[in-house]
*Asks:* 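Sending over a structure as structure tokens; questions will come in a sec.
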Amino acid sequence: MEILSKILIAIVALEHLYILYMEMFAWETLGKKTFKGSLPEELFKPTKGLAANQGLYNGFLSAGLIWSLFICDAVWSKNVAIFFLGCVIVAGIFGALSASRKIFFVQALPAIIALIFVLLR
């Protein structure tokens, strides 16, 4: 259970590193592909700075999850993982309600699954 929970945490962390990259460095290319239909094409250039800011926050989420994998104390590691997975879940639910339902399945659901396994270890 321990190894599986760490693998799931790592997957969520990697996903948020990808989101960081897309929003900070590839908003006008990958961002357009990812959010096709959700945002008019002409808005990608003027929203590049806003997307970069969002990407930075996703990077912080990823950093916290990665940090939790390297903490030696089991209780402290679990608590840090719970906190950052909770943040991802809240962000995913908010994104699903405010932007696109797809965000729930792409962002919140993997974090919910990871959180369940963290709580079961």
*Asks:* Is there a path of hydrophobic side-chain contacts, each under 4.5 Å between heavy atoms of I/L/V/M/F/W/Y residues, joining Val12 to Val90?
*Replies:* no
*Asks:* Counting only heavy atoms from other residues, nucleotides and ligands, does the tally under 6.0 Å from CD1 of Ile3 exceed 12?
*Replies:* no
*Asks:* Report yes if the distance between the aromatic ring centroids of Trp27 and Phe35 is under 6.0 Å, otherwise no.
*Replies:* yes
*Asks:* Quick check: is Met24 connected to Leu30 through a chain of hydrophobic side chains (ILVMFWY, heavy atoms under 4.5 Å apart)?
*Replies:*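 As far as the 4.5 Å side-chain criterion goes, Met24 and Leu30 are connected within one cluster.
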*Asks:* To the nearest 0.5 angstrom, please state how far the OG atom of Ser62 sits from the CG atom of Leu20.
*Replies:*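 Result: 7.5 Å between the selected atoms.
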*Asks:* Report the distance from atom CD of Glu23 to atom CG of Asn58, rounding to the nearest 0.5 Å.
*Replies:*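 Those atoms lie 5.0 Å apart.
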*Asks:* Does one hydrophobic cluster hold both Leu65 and Ile19, with members joined at side-chain heavy-atom distances below 4.5 Å?
*Replies:*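 Result: no, two separate clusters.
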*Asks:* With rounding to the nearest 0.5 Å, note down the distance linking CG in Leu14 to CG in Leu17.
*Replies:*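 Here the rounded value is 6.0 Å.
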*Asks:* Under 30°, 30 to 60°, or over 60°: which ring-plane class applies to Tyr21 and Phe25, parallel, tilted or perpendicular?
*Replies:* tilted
*Asks:* Using a cut-off of 6.0 Å, state whether more than 12 heavy atoms not belonging to Lys102 lie near its atom NZ.
*Replies:*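 Counting other residues, nucleotides and ligands, NZ of Lys102 stays at 12 neighbours or fewer.
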*Asks:* Do Ser68 and Ile9 have side chains that get closer than 4.5 Å, going by heavy atoms?
*Replies:*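 Ser68 reaches Ile9 side chain to side chain.
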*Asks:* To the nearest 0.5 Å, what is the distance between OG1 (Thr47) and CD (Glu28)?
*Replies:* 8.0 Å
*Asks:* Begin from the C-alpha positions of Ile7 and Phe117 and carry the test side chain to side chain contact (heavy atoms under 4.5 Å, CB included) through to its verdict.
*Replies:* CA-CA 10 Å; Ile7 290 169; Phe117 280 86; over 6 Å; no
*Asks:* In Å, rounded to the nearest 0.5 Å, how long is the span from OG of Ser77 to CD1 of Ile82?
*Replies:* 9.5 Å
*Asks:* Give the cluster check for Ile113 versus Val106: same hydrophobic cluster or not, with ILVMFWY residues linked at side-chain heavy-atom distances below 4.5 Å.
*Replies:*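 Different clusters: Ile113 never reaches Val106 through Ile, Leu, Val, Met, Phe, Trp or Tyr contacts under 4.5 Å.
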*Asks:* Taking all atoms of both residues into account, what is the closest heavy-atom pair of Leu61 and Phe84, and its distance?
*Replies:* O-CD2, 4.0 Å
*Asks:* Closest heavy-atom contact between Ser5 and Arg121?
*Replies:*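 Heavy atoms only, the tightest pair is OG-CD, 3.5 Å.
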*Asks:* State plainly whether one hydrophobic cluster holds both Tyr18 and Val88, where clusters connect Ile, Leu, Val, Met, Phe, Trp and Tyr through side-chain heavy atoms under 4.5 angstrom apart.
*Replies:*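 No.
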*Asks:* Measuring from atom CD of Glu41 to atom CG of Leu39, what distance do you get when rounded to the nearest 0.5 angstrom?
*Replies:* 10.0 Å
*Asks:* Quick check: closest heavy atoms across Gly31 and Met22, and the distance to 0.1 Å?
*Replies:* N-CG, 3.7 Å
*Asks:* Is it true that, when you exclude Phe104 itself, more than 12 heavy atoms of the residues, nucleotides or ligands shown sit nearer than 6.0 Å to its CZ?
*Replies:* yes
*Asks:* Ignoring hydrogens, what is the shortest heavy-atom contact between Val80 and Gly64? Give both atom names and the distance.
*Replies:*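 Looking at all heavy atoms of both residues, the closest pair is CG1-O, 3.8 Å.
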*Asks:* Do the side chain of Asn53 and the main chain of Gly49 share a donor and acceptor less than 3.5 angstrom apart?
*Replies:*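 Not at all, since once roles are kept as given, no pair shorter than 3.5 Å links the two residues.
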*Asks:* Counting only heavy atoms from other residues, nucleotides and ligands, does the tally under 6.0 Å from NZ of Lys78 exceed 12?
*Replies:*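 Count over threshold, so yes.
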*Asks:* Under the rule for salt bridge (Lys or Arg N to Asp or Glu O under 4.0 Å), what residues qualify as partners of Lys6, not counting sequence neighbours?
*Replies:* Glu2
